[in-house]
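Notes for the one structure printed next.
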Number of protein chains: 2
Amino acid sequence: MARKSLVGVVADELLDRIIAGEFPPGSSVPGELELSAKHEVSRMTVREAMKTLEAQRILSVERGRGTFVNPLNRWASLEAVLRAASEGVNDASAAIQLIELRRMLETGACELAASRISDADIGILHGYVAAMRKAHDSDDLPGFVEADLAFHDVILRASENVFVAVLFEPLHRVLEKRRTETSKFRDIQEHAIGHHQAIAEALESRDAARSRSAMDAHMQQTLDDLKSYVLEAKPA
Amino acid sequence: MARKSLVGVVADELLDRIIAGEFPPGSSVPGELELSAKHEVSRMTVREAMKTLEAQRILSVERGRGTFVNPLNRWASLEAVLRAASEGVNDASAAIQLIELRRMLETGACELAASRISDADIGILHGYVAAMRKAHDSDDLPGFVEADLAFHDVILRASENVFVAVLFEPLHRVLEKRRTETSKFRDIQEHAIGHHQAIAEALESRDAARSRSAMDAHMQQTLDDLKSYVLEAKPA
DNA sequence: AAATGTTAGATGTCTGACATCTTACAAATA
DNA sequence: TATTTGTAAGATGTCAGACATCTAACATTT
């Protein structure tokens, strides 16, 4: 990532203050002049920062009145909501809810993909499973995670549903970091390889119910792994 | 909605030109100076418009090089993607994909809600079913749609998953308009009442599989209704 | 041929000003 | 007194022009 511009810094800091509860939903944030003084930037820079938060429906700007914080359920940015949710006491709850969401999208996409996936993509899936196996044998963690994510990406695309892909994209970045954490354990890697193999075979059979079920089992395993390996080990 | 500011107008027009294919993904949009001349606004206004599109990941601004259009699957704004998808020849395909997405989220949320919903919310659900029935009897279309949407909202909240609610919010506005169209037919209204009744009863039994199945049947019916009543009647 | 300097064009930021909208409050009116 | 109107403060919307900094391409020097 390129280092952040002043606009990005101001937007980030303001979002942090909002998440910290300094400006609760419905309340107004300080005026542009006040913020430009506090952050030692020009009013224009503050305005552009506000615009980015407004575009994500985090703020509502009302001419002549001020700028107000929207309730969290109106925020259009999954990442911002994630930051807000992780800030609370229960990081675990956020992680679990994230997997629940992922489960909905991935099992649904997998079900759709069963009747739409091409033979070529089936081959690619098997290729990624082989790559995971190879990375597992040679202790190549980044390679393992990369093949894992690519596998799921193929299914997402094969579902031929634009909206699912769009909604999943912000999840992708978040999951990538967490996946690197969980995939450190060799046990988890072995679990994952088996499930991916089963998913590829289910899709190959073009059986929608079986494909959905295979992906669902994978998600359940991921949830269990997260609970037993990561959350247990990290006390508050 | 408040009438749009100049920034909003410029952003909209630029997005329209992007969607129309004038600036395909990967290509660059005209420079800030050129755009400010074409739209007869100042450069700052153009910049703020760009910022809103950048915040939605529609554009990537690179200092010293220019501003570039992102591929559609990286756009973070469901509404913008919807606009782009509806612009094409196949409005039908977009409508179907939208229901597919809705199906994933709602069936998933309903499954989760089964074990989490409160007795009070169960009562509220039955109340909305009654409201739908009453609106149906008195030919109150807006009332019918309102009760319908409220019913689904209760389940969304009862799933106790923040992220699902956030992802569903932009869908809500889009669906509201389409729902008013489809619910015009009395046959569809009767279908819907039966399904909602079944969903409420399934949730009351706290049976996750049954609840999911009931919601899934409702989504299937919605898809069928859309195909036979709306899409058939509206040729390109 | 490689390293270096130059330059054009793009975005990033600043300063200061004026316009317009909302709200609150005071003054004029019935 | 109650209502209306006028005024002013504070907020966002927009503009103009300037300078800084980054990138890429080209020319120059080594």
Side-chain angles (χ1 to χ4, degrees), chain A residues 1-15 17-18 22-71 74-76, chain B residues 1-15 17-18 22-71 74-76:
Chain A
M1 243 330 165
R3 68 184 173 291
K4 280 176 178 163
S5 60
L6 278 184
V7 172
V9 172
V10 173
D12 263 359
E13 290 185 12
L14 185 53
L15 180 54
R17 293 172 71 184
I18 291 172
E22 191 170 345
F23 313 114
S27 72
S28 67
V29 300
E32 297 171 348
L33 267 174
E34 189 176 337
L35 283 177
S36 72
K38 169 159 296 192
H39 292 276
E40 293 181 335
V41 296
S42 76
R43 193 184 147 217
M44 279 305 168
T45 303
V46 171
R47 278 184 62 79
E48 294 192 2
M50 297 274 218
K51 269 280 176 300
T52 71
L53 297 181
E54 189 191 9
Q56 300 175 245
R57 298 185 200 283
I58 294 170
L59 296 178
S60 282
V61 181
E62 296 180 28
R63 178 174 185 173
R65 287 180 21 92
T67 304
F68 304 86
V69 180
N70 289 328
R74 280 195 188 165
W75 293 13
Chain B
M1 207 39 120
R3 69 183 172 290
K4 280 178 178 164
S5 59
L6 278 184
V7 172
V9 172
V10 172
D12 262 359
E13 290 186 13
L14 186 53
L15 180 55
R17 293 171 73 185
I18 292 172
E22 192 171 345
F23 313 114
S27 72
S28 67
V29 299
E32 297 170 349
L33 269 174
E34 188 175 340
L35 283 177
S36 72
K38 169 159 295 193
H39 292 275
E40 293 181 333
V41 297
S42 76
R43 195 184 148 218
M44 292 314 301
T45 302
V46 171
R47 279 184 62 79
E48 294 192 1
M50 298 272 219
K51 267 282 175 301
T52 72
L53 296 181
E54 188 191 10
Q56 299 175 268
R57 299 187 199 282
I58 293 169
L59 296 179
S60 282
V61 181
E62 295 180 28
R63 178 172 186 174
R65 287 180 21 93
T67 303
F68 303 86
V69 180
N70 288 327
R74 280 195 190 164
W75 294 12

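So you know, we letter chains A, B, ... as the sequences are listed, proteins then strands, and number each from 1. If you're wondering where the values come from, they're calculated on a predicted model, not measured in any experiment.
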Between N or O atoms, less than 3.5 Å apart, protein on one side and nucleotides 8-11 of chain C on the other: list the pairs.
from   : atom 1 : to      : atom 2 : distance (Å)
C:dG9  : N2     : B:Gly64 : O      : 3.4
C:dT11 : OP1    : B:Thr67 : OG1    : 3.2
C:dT11 : OP2    : B:Glu32 : N      : 3.1

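- Across the protein-nucleic acid pair, A:Leu35 atom CG and D:dG10 atom C1' stand 15 Å apart, rounded to whole Å.
- Residue A:Thr45 places at least one side-chain N or O closer than 4.0 Å to OP1 or OP2 of C:dC14.
- Counting heavy atoms from C-beta outward, A:Leu14 and A:Met50 have side chains that approach closer than 4.5 Å.
- The separation between A:Glu40 atom CD and C:dT13 atom C1' is 15 Å, rounded to whole Å.
- Salt bridge absent: B:Lys51 and B:Glu48 never bring a charged side-chain N and a carboxylate O closer than 4.0 Å.
- For A:Lys51, the side-chain atoms get nearest to D:dG13 when compared with the rest of D:dT14, C:dG12, D:dG13.
- Look at CE on A:Met44: it is 13 Å from P on C:dT13, rounded to the nearest Å.
- Listed here is the closest heavy atom pair of A:Ser27 and A:Pro24: OG-O, 2.6 Å.
- The minimum heavy-atom distance linking A:Thr52 with B:Ala55 is given by the pair O-CB, 3.7 Å.
- A search for salt bridge (charged side-chain N to carboxylate O under 4.0 Å, His left out) contacts involving B:Arg43 returns B:Glu32, not counting sequence neighbours.
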Evaluation steps, side-chain contact (heavy atoms from CB on, under 4.5 Å), between B:His39 and B:Thr45: CA-CA 10 Å; B:His39 292 275; B:Thr45 302; over 6 Å; no

